[in-house]
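Every heavy atom of this structure was used, including side-chain atoms; hydrogens, water molecules and symmetry mates were not. In what follows, every chain begins at residue 1, and chains take the letters A, B, ... in the order their sequences are listed.
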Amino acid sequence: MTAQPDLILQLVQATEDVFKTMVFRAIEPVLPADSDGKRPRSNVVGIVGFGGSISGLVAFYSTLDAAQEIAGSMLGLDPADVNGEMPDAIGEVTNMIAGGFRLRMAQRGETLAISIPSVTVGSDFYTRFATDVRRVMCPFKMGDRDVSVELILTRS
Amino acid sequence: MRFLVVDDSSTMRRIIINTLNKLGYQEVLEAANGREGIDRLTTSEIDLVITDWNMPEMNGIDFIRALRAIDKSKDMPILMVTTNAAKDDIVEALRAGVNSYIIKPFTTDTFKEKIEAVIPR
């Protein structure tokens, strides 16, 4: 893996923390892998940028069904009753994962600022980032659903 | 006891309201940014404010400064709930007049502890 394993561990732990405390769903990490050229099956992508002593992006990927489940669990609703709240919920999940990553990095002396989250919902789209980046995909199992968090680091 | 929850994320407002309800606090008003928060405060009796930091229109820090400048809310307990967890962020929030600080993600136990620490006795 080309990104520092410690950074990936921080991101995985930040993600597990958010799901345990705010999504109220258990997730199981699957082995992270370099993700250059790979695209997880997703209809929902949340992105938060960060900059400072290291810079890059944290991206959260899920299917529409998984995103509805996540939003429902956060709001205390049945997934079928979730309407327009889903993008906001996924934005918050991404924001908290990036925030948790930032906090963990701060404890290691890395000062980062993070952006506000943006969320894309749709089909037949892909996210393209600058080519000079290192990308590591961290997949998770949420019951029978798949979600992924990607760490994208600029090479500077 | 009546709470005012100020956050631009409807999801976070709902999570905070659900958490407050779970802790036995049923009276909760909502606002989507600091400006709306001030409107709610001027028209309603509020005992404790819970606010986010990053919001459009008026962010949490400006909102807290505005509250501290209003006679009615100059001593009101204010909790900030945010992902801004750096030491400098906490210092800035305390200087603005926040009474306590909750870093997202949080557990119900942490939330309870922070609320109880600032509730007027």
Side-chain angles (χ1 to χ4, degrees), chain A residues 10 13-25 27 46 48 50 52-53 58 67-68 70-77 81-119, chain B residues 5-26 28 30-34 50-62 80-93 101-115:
Chain A
Q10 303 314 318
Q13 287 178 345
T15 307
E16 288 178 312
D17 212 15
V18 169
F19 271 75
K20 184 179 169 192
T21 57
M22 306 300 276
V23 182
F24 314 111
R25 290 290 306 264
I27 53 169
V48 169
F50 58 86
S53 48
V58 170
Q68 292 285 111
I70 290 166
S73 189
M74 290 174 86
L75 296 163
L77 297 173
D81 295 332
V82 174
N83 293 313
E85 304 96 333
M86 184 271 283
D88 183 73
I90 297 302
E92 264 308 314
V93 167
T94 315
N95 184 41
M96 287 188 285
I97 293 170
F101 178 69
R102 180 196 186 206
L103 177 61
R104 286 169 167 79
M105 297 314 294
Q107 287 160 352
R108 284 160 175 71
E110 304 274 5
T111 308
L112 307 179
I114 62 172
S115 73
I116 57 169
S118 70
V119 178
Chain B
V5 176
V6 187
D7 199 310
D8 60 320
S9 163
S10 57
T11 305
M12 273 318 300
R13 291 201 303 272
R14 177 47 49 197
I15 288 174
I16 291 170
I17 291 168
N18 288 347
T19 307
L20 287 169
N21 290 165
K22 209 185 294 181
L23 295 174
Y25 304 109
Q26 305 301 328
V28 188
E30 299 178 52
N33 59 59
I50 299 173
T51 183
D52 184 21
W53 184 313
N54 298 306
M55 295 181 287
E57 299 276 330
M58 180 187 274
N59 71 33
I61 294 293
D62 290 341
M80 181 164 258
V81 180
T82 178
T83 53
N84 291 11
K87 200 166 76 180
D88 290 351
D89 295 331
I90 297 171
V91 170
E92 187 180 351
Y101 204 86
I102 300 176
I103 296 164
K104 292 188 282 188
F106 56 81
T107 62
T108 304
D109 286 346
T110 303
F111 203 84
K112 180 173 186 274
E113 190 182 300
K114 298 279 183 174
I115 294 276

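- Proximity to chain B is absent for every atom of Ala106(A), based on heavy atoms less than 4.5 angstrom apart.
- Residue Ile114(A) touches chain B through its side chain alone, counting heavy-atom pairs closer than 4.5 Å.
- How far CG of Asn95(A) is from OG1 of Thr82(B): 8.0 Å, rounded to the nearest 0.5 Å.
- A pairwise comparison of heavy atoms in Leu75(A) and Thr11(B) identifies CD2-CA, 3.8 Å as the closest pair.
- Environment of CG in Leu23(B): crowded, with over 12 heavy atoms of neighbouring residues, nucleotides or ligands closer than 6.0 Å.
- Closest approach of Asn18(B) and Gly76(A) over heavy atoms only: ND2-N, 4.3 Å.
- Neither the backbone nor the side chain of Asp88(B) comes within contact range of chain A; no heavy atoms are under 4.5 Å apart.
- No salt bridge links Asp88(A) with Arg14(B); every basic N to acidic carboxylate O contact stays at or beyond 4.0 Å.
- Side-chain contact between Ile15(B) and Met22(A) is present, with heavy atoms from C-beta onward closer than 4.5 Å.
- Between atom OG1 of residue Thr107(B) and atom NZ of residue Lys20(A) there is a gap of 9.0 Å, rounded to the nearest 0.5 Å.
- The pair Lys104(B)-Glu92(A) counts as a salt bridge, with a side-chain nitrogen and a carboxylate oxygen less than 4.0 angstrom apart.
- If you take CZ on Arg13(B) and CD on Glu85(A), they are separated by 10.5 Å, rounding to the nearest 0.5 Å.
- Minimum heavy-atom separation, Thr83(B) to Gly99(A): CB-CA, 4.0 Å.
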